[in-house]
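For reference, the structure is listed below as structure tokens.
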Number of protein chains: 2
Amino acid sequence: MRIGDVAALAAVSVRALRYYEEQGLLASSRSPSGQRHYAQGAVERVKLIQSLYGAGLSSRTIADLLPCVDAQVSTPESRALLAAERDRIDRQIAELTRTRAKLDAIIEQTSRPNPHCDYTTEPGRVEAST
Amino acid sequence: MRIGDVAALAAVSVRALRYYEEQGLLASSRSPSGQRHYAQGAVERVKLIQSLYGAGLSSRTIADLLPCVDAQVSTPESRALLAAERDRIDRQIAELTRTRAKLDAIIEQTSRPNPHCDYTTEPGRVEAST
DNA sequence: CTTGCCGCTGACGTCAACGTCAGGTTTTAG
DNA sequence: CTAAAACCTGACGTTGACGTCAGCGGCAAG
């Protein structure tokens, strides 16, 4: 596959793929004329990279943990790294859940007309229907 | 309260607070000499702002929804905005959960010694002590 | 041969949420 | 009174994951 095909299938830009290669996240072989060529797994790998970026990992961190994905083997350091990132994501989910709850509370507050302070209802029409 | 106190209590930098003010997220009164003074609620507001930043909202978006927190009232537009951001956070949590699962799978794969492909054990000396 | 698309390599631009530094005033502690 | 700490206003610097532009090469169709 050429770079444009991978980009289309993984829904990322061509620029992003070159950047991933530059960061050591994605390998490619080269045709005699210098064009990149990708193996089958490339699309899946790019999707994985995207997920990890989306979870807030940096290129550097991803570069550190991808080899152990490839080799299916982990050193003590890589195990620690994997666990640390997993926990980070855990905490991130927890905080997002709290923030969502806050937003829900705001939605609740602002959507429900406020009975004891409802300057939108005219005097003489207090307590109509609940 | 002065800016340093708020910063300490909310665990953010002084620079951040000035930036929030610049973005219209945080109001302050001024002493005659020009120093900022904050009311009690400021610390809580800053924490809310931080949560929203943490959930990926931009200054602009926060600025759009904070007034409706203050007024306890929502217009149709603000309701739509609140709902949209809530849903974004929902999707974000879902994606993070998927990514965490991927990481868990990787941890599982790399932690468990792979019996049919264990090139780390030498032939003839399987199962020795280190 | 030419047109046109795809790909290549630099290399500068972007954007947001601050960090940091300069240079000056104010407040506080002793 | 004085020194330190805290505050002020600009204004430039930082960082990461790309976007974008310039200029060039290669190659299949017509």
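Within every chain, numbering begins at 1; the chains are lettered A, B, ... in the order of the sequence lines, protein sequences first and strands thereafter.
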Assigning hydrophobic clusters by single linkage (Ile, Leu, Val, Met, Phe, Trp, Tyr; side-chain heavy-atom cutoff under 4.5 Å), is Val14(A) placed with Tyr38(A)?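 In one cluster with Val14(A): Tyr38(A), yes.
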Gap separating the CG atom of Leu96(B) from the CD1 atom of Ile93(A), nearest 0.5 angstrom: 5.0 Å
Quick one: on DNA chain D, does Ser33(B) or Ile49(A) contact a more 5' nucleotide (nearest heavy atom)? Ser33(B)
Leading and trailing nucleotides of DNA chain D with any atom under 4.0 Å from heavy atoms of chain B: dA6(D) to dA11(D)
Min side-chain heavy-atom separation [X]-[Y] under 4.5 Å:
X	Y	answer
Arg36(A)	Arg30(A)	yes
Glu95(B)	Gln92(B)	no
Ile62(A)	Gln23(A)	no

With sequence neighbours left out, which residue pairs that include part of residues 49-59 of chain A fulfil the side chain to side chain donor-acceptor pair (under 3.5 Å) condition? Tyr20(A)-Gln50(A), Ser51(A)-Lys102(B), Tyr53(A)-Ser59(A), Ser58(A)-Thr61(A)
Is a donor from one side chain sitting under 3.5 angstrom from an acceptor on the other, for Ser33(B) and Gln35(B)? no
Members of residues 12-31 of chain B that approach DNA chain D, where some heavy atom sits under 4.0 Å away: Arg15(B), Arg18(B), Arg30(B)
Rounded interatomic separation in angstrom, taking NE2 from His37(B) and P from dT27(C): 13 Å
How close or far is atom P of dG24(C) from atom CD of Gln35(B), stated in whole angstroms?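 Distance check: Gln35(B) CD to dG24(C) P gives 18 Å.
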Which comes earlier along DNA chain C counting from the 5' end, the contact point of Gly34(A) or that of Leu57(B), where each point is its nearest nucleotide? Gly34(A)
What residue among Arg2(B), Arg18(B), Glu21(B) forms side-chain hydrogen bond (donor to acceptor under 3.5 Å, both in side chains) with Ser28(B)? Glu21(B)
Describe the nucleic acid contact of Ile62(B) in one word from base, sugar-phosphate, nothing, applying a heavy-atom distance below 4.0 Å.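 Nothing, no nucleic acid heavy atom in range.
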Contact under 4.0 Å: Ser59(B) side-chain N or O vs dA17(C) OP1/OP2: yes
Testing dC18(C), dT26(C), dT9(C) for proximity to the side chain of Arg36(A), the answer is dT9(C)
